[in-house]
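This one's a predicted model, so the numbers in the text were calculated from it and none came from an experiment.
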Amino acid sequence: MDSSDDVLIAARKAKFDQLRQELKPALVDFVERLGISPADAVLKDAEAYVPYLAAATRDLTSDDDEDRIWFLTRIGYFIGEYLCQALQGCWYVEDQAGSMYFARYVVGRFASATKLGAVDPFDLARGYVDAAPPRNLVRLLAELTAPV
């Protein structure tokens with residue numbers, strides 16, 4: 001890793017605390033805005049919310065780029081939290097220079113047996129949000145968490 005990589009990692013790690021502080025309230029707000037309750041229970045049992053979020057976001061469209069980014073960020077938070085809970089992992093900044101996710105916020109270090117290493121939930125969210133409706137969140141998450 002060269003000095004520019006060190007600077008990049010330091011900057012991403014400095015902003016990681018901000019992500020962690022925003023993630024949970026933003027996810028609860030997202031679930032609440034979709035009309036799902038109790039919204040705060042998503043933080044403890046994301047799996048139970050998959051069918052509701054899938055139905056609520058299947059045909060959701062964005063009016064502009066700001067709406068798209070808002071939707072993408074929140075569905076990324078959900079995917080990340082779901083994977084952390086389902087596979088007993090955690091959020092972190094990928095600091096391995098050779099990783100395809102270098103300097104990204106990822107979930108990984110999973111305790112459960114899985115074919116996954118680190119995963120960028122925002123990359124997955126981008127694919128989901130940019131897919132033509134109807135989207136299938138249930139299938140996306142099932143494919144990710146399928147046993148080895």
Side-chain angles (χ1 to χ4, degrees), residues 1-57 60-131 135 137-138 140-146 148:
M1 207 165 20
D2 64 27
S3 63
S4 65
D5 288 345
D6 291 336
V7 170
L8 178 60
I9 288 295
R12 295 294 284 176
K13 285 184 177 180
K15 290 184 179 181
F16 185 64
D17 286 338
Q18 180 182 349
L19 174 125
R20 291 178 48 139
Q21 289 174 1
E22 290 175 1
L23 189 151
K24 291 182 180 188
L27 181 55
V28 170
D29 177 67
F30 178 55
V31 171
E32 198 168 70
R33 285 177 187 237
L34 293 174
I36 304 165
S37 64
D40 60 336
V42 72
L43 301 174
K44 299 265 191 255
D45 189 12
E47 184 176 5
Y49 285 73
V50 171
Y52 303 112
L53 277 156
T57 63
L60 197 62
T61 58
S62 303
D63 293 332
D64 55 36
D65 203 43
E66 186 176 326
D67 286 347
R68 180 185 166 279
I69 291 168
W70 184 89
F71 178 32
L72 189 153
T73 301
R74 273 117 189 111
I75 204 73
Y77 288 159
F78 178 75
I79 292 169
E81 278 300 294
Y82 172 84
L83 292 173
C84 284
Q85 291 176 29
L87 301 174
Q88 301 163 7
C90 63
W91 287 87
Y92 60 99
V93 176
E94 178 57 79
D95 59 4
Q96 299 300 311
S99 170
M100 66 188 276
Y101 298 125
F102 178 70
R104 293 191 199 179
Y105 302 124
V106 297
V107 294
R109 300 179 181 150
F110 301 117
S112 297
T114 178
K115 62 184 176 206
L116 298 176
V119 175
D120 180 344
F122 302 108
D123 200 31
L124 295 169
R126 187 174 302 106
Y128 181 74
V129 168
D130 291 346
R135 301 176 197 88
L137 186 62
V138 173
L140 170 67
L141 296 175
E143 289 170 357
L144 289 169
T145 57
V148 259

If you define the side chain from C-beta out and look only at heavy atoms, does anything of [X] sit under 4.5 Å from [Y]?
X: Lys24; Y: Val28; value: no
X: Phe71; Y: Thr61; value: no
X: Tyr49; Y: Glu81; value: no
X: Asp64; Y: Asp67; value: yes
X: Leu23; Y: Trp91; value: yes
X: Leu53; Y: Phe30; value: yes
X: Val107; Y: Leu87; value: no
X: Thr145; Y: Phe110; value: no

Under 3.5 Å, side chain of [X] to main-chain N/O of [Y], donor-acceptor pair present?
X: Gln96; Y: Gly98; value: no
X: Glu94; Y: Tyr101; value: no
X: Glu32; Y: Asp40; value: no
X: Arg135; Y: Leu60; value: yes
X: Arg109; Y: Cys90; value: no
X: Arg68; Y: Val129; value: no

Set out, in order, the CA-CA distance, both residues' side-chain angles and the distance that settles side-chain contact (heavy atoms from CB on, under 4.5 Å) for Trp70 and Arg74, then state yes or no.
CA-CA 6 Å; Trp70 184 89; Arg74 273 117 189 111; 3.1 Å; yes

Using the side-chain contact (heavy atoms from CB on, under 4.5 Å) definition, which of the options Val119, Leu124, Asp120 pairs with Phe122?
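Going through the options one by one, the only one that passes is Asp120.
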
Rounded distance (nearest 0.5 Å) linking atom [atom1] of [X] with atom [atom2] of [Y]:
X: Phe16; Y: Tyr92; atom1: CZ; atom2: OH; value: 10.0 Å
X: Leu27; Y: Tyr82; atom1: CG; atom2: OH; value: 14.0 Å
X: Gln18; Y: Tyr105; atom1: CD; atom2: OH; value: 7.5 Å
X: Ser3; Y: Leu8; atom1: OG; atom2: CG; value: 11.5 Å

Which heavy atom of [X] sits nearest a heavy atom of [Y], and at what distance?
X: Arg12; Y: Ala103; result: NE-O, 2.7 Å
X: Ala26; Y: Tyr77; result: CB-CE1, 3.6 Å
X: Leu72; Y: Ala125; result: O-CB, 3.4 Å
X: Lys13; Y: Asp95; result: NZ-OD2, 3.3 Å
X: Ser112; Y: Ala86; result: OG-O, 3.9 Å
X: Phe78; Y: Ala46; result: CZ-O, 3.6 Å

Does Glu22 have more than 12 heavy atoms from other residues, nucleotides or ligands lying within 6.0 Å of its CD?
yes

Would you find more than 12 non-hydrogen atoms of other residues, nucleotides or ligands less than 6.0 Å from Tyr52 atom OH?
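12 or below, so no.
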
